[in-house]
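One structure is given here, and the rest of the page talks about it.
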Amino acid sequence: MAMNFVKKLPIPAEVKKMYPLSDRVVEIKKKRDAEIRDVFTGASDKFILIIGPCSADNVDSVLDYIHRLANVQDKIGDRILLIPRIYTNKPRTTGEGYKGLVHQPDPEKKPDVFAGIVAMRKLHADAIEQTGLTSADEMLYPENYRYVDDLLSYVAIGARSVEDQHHRMTVSGMTVPAGMKNPTSGDLSVMFNSVKAAQSKHNFIYRGWEVYTDGNDLAHVVLRGATNKHGNSIPNYHYEDLMLLNELYAKRGLANPAAIIDTNHSNSGKQYIEQIRIAKEVLHSMSYNAELRKLIKGFMIESYIEDGAQKIGTGNHVYGQSITDPCLGWEKSEKLIYDIYDTLGKM
């Protein structure tokens, strides 16, 4: 048989009962969700940085990284809200490679999905408990969202998932901001259609239930660059790209127009060091045009403790270095955060 059923997994309600949240975590998330919502509705002019490792591959180094972020957050809170990336499931272009913590809690060992679900929930909860920062994760699998929906303050829908009906409708039942990335083709109409669908009400099948959703007024766009037919990266963060985005938003009548700029992926051609230059160029565009300052709510930045990336299975593991896409190291990341803070203060 082509599909082998290994074991029945507990439903989200059962896992939540096994691993409940403390009152402190619940209260922090409630407060943070309100602060983040205010940015996307325009009630607050703070800037959001969704920043952290490409993949949450190691619990110790990820928590170490988020503690560092928390120390910085204390100094920049009047202008910037930091949302750590704790990405526990990773899309793989060819289907090969490390698929994230939810598959392999230990990247060097065999997959164990139940252990991965527990590790995913525990890591998100520990980050809040220890640092006071609620996080972002990518919703690669709509069925998994309910395992952590009481923990996440931001959800990303990737370039390969954004056209999928089930992803769009699942987002329509969320109460936190969801960033809909442009597809790898770069077609902005696909991205805007996805936002429209996510902001609308739906009736559909989810985890064996018939459900109704109210629509998510915080669904918004994320520009991550594109890839042409020759496999070359095409950035979409330049001034003309941002002005086109602003025009397209104005024509569609969507709730809470908002854009996040992904400084890595096809915008940087996965040249992680370019994220610094890209962020500064976008800030310059924002300072030049008040409409862009209003539309652009923040950046996605891939950052970890050490620069670059490493391969797993070599037996020579570098603590705090990405095992998926290359990331900006902590020293450069910290400086970039403070540079962004200073620039925002001059707008």
Side-chain angles (χ1 to χ4, degrees), residues 3-21 25 29 33 50 52-59 62 83-93 95 97-107 110-128 134-181 194 197-198 202 204-211 213 216 218-219 222 324:
M3 187 178 293
N4 298 305
F5 290 78
V6 180
K7 59 185 172 185
K8 184 77 170 66
L9 296 169
I11 63 172
E14 293 168 337
V15 175
K16 289 173 179 176
K17 192 172 181 180
M18 286 186 266
Y19 301 94
L21 304 182
V25 168
K29 175 164 159 51
D33 284 357
I50 302 157
C54 175
S55 57
D57 61 315
N58 179 282
V59 169
V62 168
I83 303 177
R85 287 171 53 108
I86 303 182
Y87 279 29
T88 57
N89 33 193
K90 295 299 299 179
R92 311 310 301 177
T93 304
Y98 177 64
K99 296 182 177 69
L101 187 81
V102 76
H103 286 270
Q104 288 174 273
D106 185 335
K110 290 182 179 179
D112 184 336
V113 174
F114 175 65
I117 289 169
V118 173
M120 170 177 68
R121 184 164 176 80
K122 191 171 186 305
L123 177 54
H124 279 290
D126 285 349
I128 302 171
T134 49
S135 57
D137 203 342
E138 179 172 352
M139 190 179 72
L140 185 58
Y141 313 108
E143 295 85 355
N144 287 2
Y145 175 64
R146 294 286 291 180
Y147 287 112
V148 288
D149 65 337
D150 54 344
L151 287 160
L152 299 182
S153 280
Y154 186 94
V155 174
I157 305 300
R160 296 163 189 81
S161 302
V162 75
E163 294 189 68
D164 178 66
Q165 183 90 333
H166 205 214
H167 281 80
R168 294 174 171 189
M169 292 192 297
T170 303
V171 170
S172 75
M174 295 178 185
T175 58
V176 297
M180 318 298 280
K181 289 194 172 187
S194 187
H202 294 286
F204 61 103
I205 300 169
Y206 183 76
R207 296 193 61 93
W209 287 79
E210 179 183 9
V211 298
T213 58
N216 183 354
L218 300 182
V222 179
T324 44

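Counting heavy atoms from C-beta on, the side chains of Thr134 and Leu151 never come closer than 4.5 Å.
Residues forming a salt bridge (Lys or Arg N to Asp or Glu O under 4.0 Å) with Lys7 (at least two apart in sequence, or on another chain): Asp112. Here Arg85 pairs with Glu302 under the salt bridge (Lys or Arg N to Asp or Glu O under 4.0 Å) rule; sequence neighbours left out.
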Can you check side-chain contact (heavy atoms from CB on, under 4.5 Å) on Met139 and Val171, steps first, answer last?
-> CA-CA 9 Å; Met139 190 179 72; Val171 170; 4.1 Å; yes
Determine, stepwise, if the pair Arg121 / Asp126 fulfils salt bridge (charged side-chain N to carboxylate O under 4.0 Å, His left out).
-> CA-CA 9 Å; Arg121 184 164 176 80; Asp126 285 349; over 6 Å; no
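In this structure, CG on Asp150 lies 10.5 Å from NE2 on His124, to the nearest 0.5 angstrom.
Taking both residues in full, the closest heavy atoms of Ser172 and Ala197 are given as CB-O, 4.2 Å, listed atom of the first, atom of the second, then distance. The two atoms that bring Tyr87 and Cys54 nearest to each other are CB-O, 3.6 Å, heavy atoms only. Listed here is the closest heavy atom pair of Asp137 and Ile86: CG-O, 3.0 Å. Contact record, Val176 with Ser153: CB-O, 3.7 Å, taken as the closest heavy-atom pair. When all heavy atoms of Arg207 and Pro12 are compared, the closest pair comes out as NH2-CD, 3.1 Å. Between Ser55 and Tyr98, the closest heavy-atom pair is OG-CE2, 4.0 Å.
His202 and Thr213 share no side-chain donor-acceptor pair at under 3.5 Å.
Using cut-offs of 30° and 60° on the angle between ring planes, the pair His166 and Phe204 is perpendicular.
If you look at His103 and Tyr141, their ring centroids are closer than 6.0 Å.
With hydrogens and angles ignored, the 3.5 Å screen pairs no side-chain donor or acceptor of Thr88 with any backbone N or O of Val102. Gln104 contributes no side-chain N or O that, together with a main-chain N or O of Leu101, makes up a donor-acceptor pair within less than 3.5 Å. Side chain of Asp57 to backbone of Gly100: no donor-acceptor contact under 3.5 angstrom is found.
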